[in-house]
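Below, read A as the first sequence line, B as the second, and so on, with proteins coming before strands; counting in each chain starts at 1. Quick caveat, the model's predicted, so the values are computed rather than measured.
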There are 2 protein chains.
Amino acid sequence: MGTRQSIPPAPQQAGRRRRPRARRVPNPDLRTSTRVDILHSAARTFRRLGYHGATVEQIANALHMKKGNLYYYFKNKEDILFACHQYSLDRLMELVDQVEQSGLTADQKLRRLIVSFVHTILDELHGTALFLDLEALSPAHLKTVIVRRDRFDRAVRQVLQQGMDAGVFRPGDPKLLAFAILGAVNWIPRWYAPAGPSTSQDIADRFADYLIAGLRQA
Amino acid sequence: MGTRQSIPPAPQQAGRRRRPRARRVPNPDLRTSTRVDILHSAARTFRRLGYHGATVEQIANALHMKKGNLYYYFKNKEDILFACHQYSLDRLMELVDQVEQSGLTADQKLRRLIVSFVHTILDELHGTALFLDLEALSPAHLKTVIVRRDRFDRAVRQVLQQGMDAGVFRPGDPKLLAFAILGAVNWIPRWYAPAGPSTSQDIADRFADYLIAGLRQA
DNA sequence: AAGTAGTTTGAACGAGCGTTCAATTTCAAG
DNA sequence: CTTGAAATTGAACGCTCGTTCAAACTACTT
């Protein structure tokens, strides 16, 4: 069984599903949809206050739910954090697959990685920083997250190495350079304001321009 | 009264000072020295576990103290966090002053900023990320920290603008570029391992090379 | 209308942690 | 040795928050 799409499906309970509140469609997996709602609320709250600073009540209230209700959808708070990470990592793994299977050149691949990464963080995860509060995860969950994160890191390094081999990029330590690139991007949620002067499109393009320019052969 | 060196001196209590434990010199401000010890321990703990994840007891135990004793040196936990930020910002403001008063060219100034910033974070603050857990600060403290952080941000942008005006750097949005540079550097504590293959010297130099190369006029 | 599984709620419990404080210890000075 | 201020301690308090659960509610099925 793959780890892809690890968020919604959840260990399903028996029988049909209902709606949490205020909607009335008899859709078979509204349970899944509610789980995703919770994840989004949790992600926003975790980003603002950190895992330990955020309370289960805050996550619930943002959805007009009571905190006890969240335990119908998730085992506990840590489980919610883990699901947030899996959700984000699903997006990242999709991106890596896409890029690896494309026949693009190294610099095109890198641009695609950076641009899509920025869009994913800002638009889809609306500002949820990846790889946050890892220390709050259980050892087993932590291991899972790190394995997948490492796959992403490795993909970026590989593209850098390819570019260097092809002479498009200046020689250098791919590991260090990958950290620099990912750091610049992962830091965006700290200062990004959706109502600010820069759109996510702007940021994605400018960051890609700058971060790739620093690599090019003189 | 300046805001520089805002950490140790503390609102001094009356009379002479003693030693916290196991030393016996009648030095007048061992109180200050103990305060710095606490800040270092707190910084390490906050970095590992986050402000809310870290307990006062953990901070104390790392110094072979009991938690109640910390309240002899600091008003409360939030006060410790604030002092950590002030300590870090003191270092940063010193750096800004140095660079602004130097007669260096823009690219030299930027290199100096990046290299010293990396060294400060890794060597002096041993991996304490700056601008962390700001949301845990009281409104008044938060304001103070943000004002000083902004001064640093502005200094970096100014150097970028100077470089563009001088034609050393390609035209671009100094704000966005400054965020990219500071993000790459601020992210370092997340992956840096003192026992790892890269020394802080390595990292500082390579990062400066890369981050400045992306700015240069073609 | 009654039955039933899915979902929501409110209240309660219990643990952990920040904070306080009176009592105690340490240590230099007289 | 005695004194007294500085420093430390251990215990206690109170509050917050994660978690549990029985009861109530909802809406589809028969």
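Rounded to a whole Å, the CG atom of D79(B) is 13 Å from the C1' atom of dT19(C). The CG atom of N61(B) sits 15 Å away from the C1' atom of dG16(C) (whole-angstrom rounding). One can place NZ of K66(B) at 16 Å from C1' of dA23(C), the figure rounded to the nearest angstrom. For the pair L70(A) CG and dT9(C) C1', the computed distance is 12 Å after rounding to whole Å. Across the protein-nucleic acid pair, M65(B) atom CE and dG10(D) atom P stand 14 Å apart, rounded to whole Å. If you measure from atom CZ of F74(B) to atom P of dT19(C), you get 13 Å, rounded to the nearest angstrom. When the P atom of dC17(C) is taken as reference, atom CG of L49(B) falls 11 Å away, rounded to whole Å.
At a threshold of 4.0 Å, the pair D173(A)-R157(A) does not count as salt-bridged, since none of the basic side-chain nitrogens sits closer than that to a carboxylate oxygen. At a threshold of 4.0 Å, the pair D90(A)-R148(A) counts as salt-bridged, since one of the basic side-chain nitrogens sits closer than that to a carboxylate oxygen.
Side-chain atoms of S41(A) do not come within 3.5 Å of backbone N or O of D37(A) as any donor-acceptor pair. For N186(B) (side chain) and L182(B) (main-chain N/O), a donor-acceptor pair under 3.5 Å exists by modelled atom type.
Not a single ring-ring contact (aromatic ring centres under 6.0 Å, His included) links H119(B) to another residue, sequence neighbours left out.
OP1 or OP2 of dA7(D) lies within a sub-4.0 Å distance of a side-chain N or O belonging to R31(B).
Listed by first and then second residue, the salt bridge (charged side-chain N to carboxylate O under 4.0 Å, His left out) pairs that reach into residues 54-81 of chain B come to none, sequence neighbours excluded.
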With sugar-phosphate taken as primed atoms, P, OP1 and OP2 and all else as base, the protein-contact string of nucleotides 15-22 of chain D at under 4.0 Å (heavy atoms; B, S, -) is --SBBB--
